There are 2 protein chains.
Amino acid sequence: MIAETASLRERRRAETRRTLQTHAVRLFMARGYDATTINDVAEAAGVSAMTLYRHFATKEDLVLYDEFDRETAAALAAQQQEEPLRQRIGRALVQTAATAVNSDRDLLLARLNLMISTPALQARHLDSQYATEIAVVDTLCAGTTDPDLEFRIRSTTAACLAVIHVALIRWAEGDGRQDLPTLMRQALTSAFDTAF
Amino acid sequence: MIAETASLRERRRAETRRTLQTHAVRLFMARGYDATTINDVAEAAGVSAMTLYRHFATKEDLVLYDEFDRETAAALAAQQQEEPLRQRIGRALVQTAATAVNSDRDLLLARLNLMISTPALQARHLDSQYATEIAVVDTLCAGTTDPDLEFRIRSTTAACLAVIHVALIRWAEGDGRQDLPTLMRQALTSAFDTAF
DNA sequence: CGCAGATTTGTTAGTAACTATCAGCATGGT
DNA sequence: ACCATGCTGATAGTTACTAACAAATCTGCG
């Protein structure tokens, strides 16, 4: 008996999702994003176009989907509360990135390369980063009603995430040869003049 | 120097462009972005859809187009070179925003409100901010070949722009009642712990 | 096991953003 | 006046995405 709480339905759903993303990234890399249609991806994954849309709302989501937000929020909660805000946010992001590189390096690199070279994906990548910003701010603002404090938290979070983005892009442009966490810490340090 | 010898063609082109944007923003605010078609906008402006596409590559550009990048680059060049990088970038952005508010307040507010309430526009807004980042980095990196220095400049620029974005959104959410330059300086100060 | 209810999937038909192409027209320098 | 150049419009696509319905599949319960 399988002890996983995931029902057969849930497991198959997750499976289909991963299959779709894998085939999509492979095809996009091989033929180009624009030259590959939703039908191509659906066919390669062995499902109908309609089913694909039930798993990914847009073509872009095929490349953009990941679990970054949730993991960052968790890493954030694990930070020492005495540290300054900037450090907590920055370190949580660096840790999440380190984990991601260790588990999914090749897929992550492929996805980032697609995001860099495809204008439509570049725009949506920034948008997904904004979603991360919201997740971080929500975590940090739990129980806060002071709009002024929330404003300061949001400003700091946005700055950290933007810096992290620069490091991510640089990492992908160098095809992952440099160490991502190190790059991120360097970027944070030069933006804030503080150690991370 | 760009000669002010705007030919009749150029003037009419700019005129058509402005007319299209004005009608577009008006219709989007009245009926909603998604519920308004390109044809609606073209018809309201008295041109064909094909002509509209020759002025704006995408529906989103109808809302997003402005001259922010160029003005920011100019303001940046006018900063005192002795100041730290962060201050130069931050102040250039604040100055540009101040000018924009003085000349085009209502249109700017309407455009921002649309960007906030329309997911597709929100994503592209972040992307257009990224274009500003590139413009700023290009200005600051003129003559630089050191990739490390460029990396630091990019990190700092990204951080400043992200913070400015937070202030911009906050300003629009408050319907422009607060002073935008002040909001921006507050956001910069709380993110960097430095005066701007 | 078998049945009822919920979830997932496929099919079809449609909307609207965007592109390519070609032909007609205004414009600006000679 | 005249020709090259660029602006405009009509037409006919392609493709991402949605709505609606019908068929297949899973889950939980008796």
Side-chain angles (χ1 to χ4, degrees), chain A residues 1-21 23-25 27-28 31-65 114-115 118-125 127, chain B residues 3-21 23-25 27-28 31-65 114 118-124 127:
Chain A
M1 48 192 80
I2 296 122
E4 309 303 335
T5 52
S7 66
L8 177 59
R9 254 182 201 158
E10 279 163 355
R11 266 180 291 137
R12 280 187 57 170
R13 187 170 178 77
E15 175 89 13
T16 306
R17 209 183 166 82
R18 199 170 50 245
T19 305
L20 278 166
Q21 188 176 47
H23 281 285
V25 170
L27 289 176
F28 292 160
R31 306 183 197 172
Y33 179 80
D34 292 326
T36 309
T37 69
I38 288 282
N39 270 314
D40 293 339
V41 176
E43 202 170 328
V47 298
S48 72
M50 202 54 233
T51 297
L52 187 152
Y53 278 116
R54 294 219 177 80
H55 288 269
F56 296 93
T58 69
K59 186 180 179 182
E60 290 130 16
D61 285 336
L62 281 165
V63 179
L64 292 165
Y65 175 80
L114 281 170
M115 293 178 207
T118 312
L121 289 175
Q122 201 179 86
R124 285 292 314 277
H125 181 206
D127 191 47
Chain B
E4 279 302 318
T5 66
S7 65
L8 176 58
R9 253 181 202 159
E10 280 161 355
R11 268 180 288 138
R12 280 187 56 171
R13 186 170 178 79
E15 175 88 15
T16 306
R17 210 183 167 81
R18 200 170 48 244
T19 304
L20 278 166
Q21 189 175 47
H23 281 285
V25 170
L27 288 176
F28 292 160
R31 305 183 199 172
Y33 179 79
D34 291 327
T36 309
T37 70
I38 289 281
N39 270 314
D40 292 340
V41 176
E43 202 170 328
V47 299
S48 72
M50 203 53 236
T51 297
L52 186 152
Y53 277 115
R54 294 225 175 74
H55 288 268
F56 296 92
T58 69
K59 187 180 179 182
E60 290 130 15
D61 285 336
L62 281 165
V63 178
L64 291 164
Y65 176 80
L114 281 170
T118 311
L121 290 175
Q122 201 178 87
R124 286 291 316 277
D127 192 47

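Since we're looking at a predicted model, the values are computed, not measured. Values below: every heavy atom of this structure, side chains too, minus hydrogens, waters and symmetry copies. Naming: A, B, ... by sequence-line order, numbering from 1 per chain.
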Subject >> OP1 or OP2 of dT8(C) under 4.0 Å from side-chain N/O of His55(A) >> reply: no
**OP:** Rounded off to whole Å, could you give me the CG-to-P distance for the Leu62(A) and dA16(D) pair?
**Re:** 10 Å
Subject >> Distance, rounded to the nearest Å, where Leu52(A) contributes CG and dG10(C) contributes P >> reply: 10 Å
Subject >> Between dG28(C) (C1') and Arg11(B) (CZ): distance, integer Å >> reply: 13 Å
Subject >> Ala44(A) versus Leu27(A), closest heavy-atom pair with distance >> reply: CB-CD1, 3.8 Å
Original post:
The side chain of Ser48(B) lies closest to which of these nucleotides: dA26(C), dT9(C), dA10(D)?
Top reply: dA10(D)
Original post:
Is the NZ or CZ atom of Lys59(A) positioned over Tyr53(A)'s six-membered ring, under 6.0 angstrom from the centre and within 45° of the axis?
Top reply: no
Original post:
dT19(C) P sits how many Å from Asp34(A) CG, rounded?
Top reply: 10 Å
**OP:** Determine whether more than 12 heavy atoms belonging to other residues, nucleotides or ligands lie under 6.0 Å from atom CD of Glu43(B).
**Re:** no
Subject >> Val41(A) and Leu62(A): CA distance, side-chain angles, deciding distance, side-chain contact (heavy atoms from CB on, under 4.5 Å) verdict >> reply: CA-CA 10 Å; Val41(A) 176; Leu62(A) 281 165; 4.3 Å; yes
**OP:** Specify the separation, in whole Å, of atom CG of Asp61(B) and atom P of dA17(C).
**Re:** 14 Å
Original post:
In chain order, what residues pass the side-chain hydrogen bond (donor to acceptor under 3.5 Å, both in side chains) check against Glu60(A), with sequence neighbours excluded?
Top reply: Arg124(A)
Subject >> ring-ring contact (aromatic ring centres under 6.0 Å, His included) involving Tyr65(B) - partner list, sequence neighbours excluded >> reply: none
Original post:
Does Arg17(A) have any salt bridge (charged side-chain N to carboxylate O under 4.0 Å, His left out) partners at least two apart in sequence or in another chain, and if so, which?
Top reply: none
Original post:
Whole-Å distance between dT8(D) P and Arg17(B) CZ?
Top reply: 12 Å
Listing time: all N or O pairs from protein to nucleotides 17-24 of chain D that are below 3.5 Å?
from: dC17(D); atom 1: OP2; to: Lys59(A); atom 2: N; distance (Å): 2.6

Subject >> Phosphate contact (dC7(D) OP1 or OP2) by Arg12(B) side-chain N/O below 4.0 Å >> reply: no
**OP:** Among the candidates dA17(C), dA26(C), dA16(D), find the nucleotide nearest to the side-chain atoms of Thr37(B).
**Re:** dA17(C)
Original post:
Using Watson-Crick and G-U wobble pairs whose two distances are both under 3.5 Å, how do you write the pairing of DNA chain D as dot-bracket, with | for links to another strand?
Top reply: ||||||||||||||||||||||||||||||
Original post:
What pairs with Phe56(B) under ring-ring contact (aromatic ring centres under 6.0 Å, His included), at least two apart in sequence or on another chain?
Top reply: none
Subject >> Separation of dA26(C) P from Arg13(B) CZ (nearest whole Å) >> reply: 18 Å
Subject >> Length of the line joining Leu20(A):CG and dT8(C):C1', which is rounded to integer Å >> reply: 14 Å
Subject >> Proximal nucleotide (of dA17(C), dT8(D), dT27(C)) relative to the Thr16(B) side chain >> reply: dT8(D)
Subject >> Thr37(B) side-chain N/O to Asp40(B) backbone N/O, donor-acceptor pair under 3.5 Å >> reply: yes
